[in-house]
Amino acid sequence: QLQLAESGGGLAQSGGSLTLSCAASGFHLDYYAIGWFRQAPGKEREGVSCISSSGEYTNYADSVKGRFTISRDTTKNAVNLHLHSLKPEDAATYYCAADPLAIAAQCFLDAHEYNHWGRGTQVTVSS
């Protein structure tokens, strides 16, 4: 059974940092483009970042460019999202998702491209 599990969420101060991890079971993440999304209460789900299956291509939403970094940890079959310079507006539930169809050097911030989703991890940012 293909499963994704996010971890690493919690409370951080404005300007602080967190690292979120997306771990897979039942399949190798290396074969999938992985995306991170977030949704705050009352707001639409937003694509935050993605990384291609090759790891060579990454993409970021304008709202997080220069502050968030996505990376693969092949030893742990995981993809990490490093959150820096956190702002109160970064508070949300963060989800990771896998896209099996993206070519090796491609990924998308469109949630419709992804068909395996984790349950999310909550990020809270205090001002």
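These numbers were taken from a predicted model, which means no experiment stands behind them.
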With a 4.5 Å cut-off on side-chain heavy-atom distances among I, L, V, M, F, W and Y, is there a chain of contacts connecting [X] to [Y]?
X   : Y   : answer
Y95 : I51 : no
F68 : L11 : no
V79 : L83 : yes

Indicate the atoms forming the closest heavy-atom contact of [X] with [Y], along with that distance.
X    : Y   : answer
D90  : S85 : OD2-O, 4.3 Å
A105 : S54 : CA-OG, 4.0 Å
Y60  : T69 : OH-CA, 3.4 Å
H82  : S71 : NE2-OG, 3.2 Å
G47  : A61 : O-CB, 3.3 Å
S17  : A12 : O-CB, 4.4 Å

Query raised in the report: With respect to I34, which candidate in L29, D99, L81, N80 satisfies the side-chain contact (heavy atoms from CB on, under 4.5 Å) definition?
Result: L29
Query - Ionic contact status for D62 with K65, cut-off 4.0 Å - result: yes
Query raised in the report: Does R38 reach the side chain of V64, with side-chain heavy atoms less than 4.5 Å apart?
Result: yes
Requested in this report: Would you check if C107 and Y57 make a side-chain contact, meaning some heavy-atom pair closer than 4.5 Å?
Outcome: yes
Requested in this report: Check for a donor-acceptor pair, side chain of Q106 on one end and backbone N or O of S52 on the other, with a separation under 3.5 Å.
Outcome: no
Query raised in the report: If only atom types and distance count, is the side chain of S49 paired as donor or acceptor with the main-chain N or O of N59 below 3.5 Å?
Result: yes
Requested in this report: Measure up the F27 and Y32 rings against each other and bin them: parallel (under 30°), tilted (30 to 60°), perpendicular (over 60°).
Outcome: perpendicular
Query raised in the report: Which class fits the ring pair F37 and Y114: parallel under 30°, tilted 30 to 60°, perpendicular over 60°?
Result: perpendicular
**Report entry** Sequence-distant partners of D30, side-chain contact (heavy atoms from CB on, under 4.5 Å), two or more places apart
**Finding:** R72, T74
Query raised in the report: Do S63 and E89 have a side chain donor and acceptor closer than 3.5 Å?
Result: no
Rounded to the nearest 0.5 Å, how far apart are [atom1] of [X] and [atom2] of [Y]?
X    : Y   : atom1 : atom2 : value
S21  : K76 : OG    : NZ    : 7.0 Å
C96  : I70 : SG    : CD1   : 9.0 Å
L86  : R67 : CG    : CZ    : 6.5 Å
S127 : K87 : OG    : NZ    : 14.0 Å
T93  : R45 : OG1   : CZ    : 12.0 Å
H84  : T19 : NE2   : OG1   : 6.0 Å

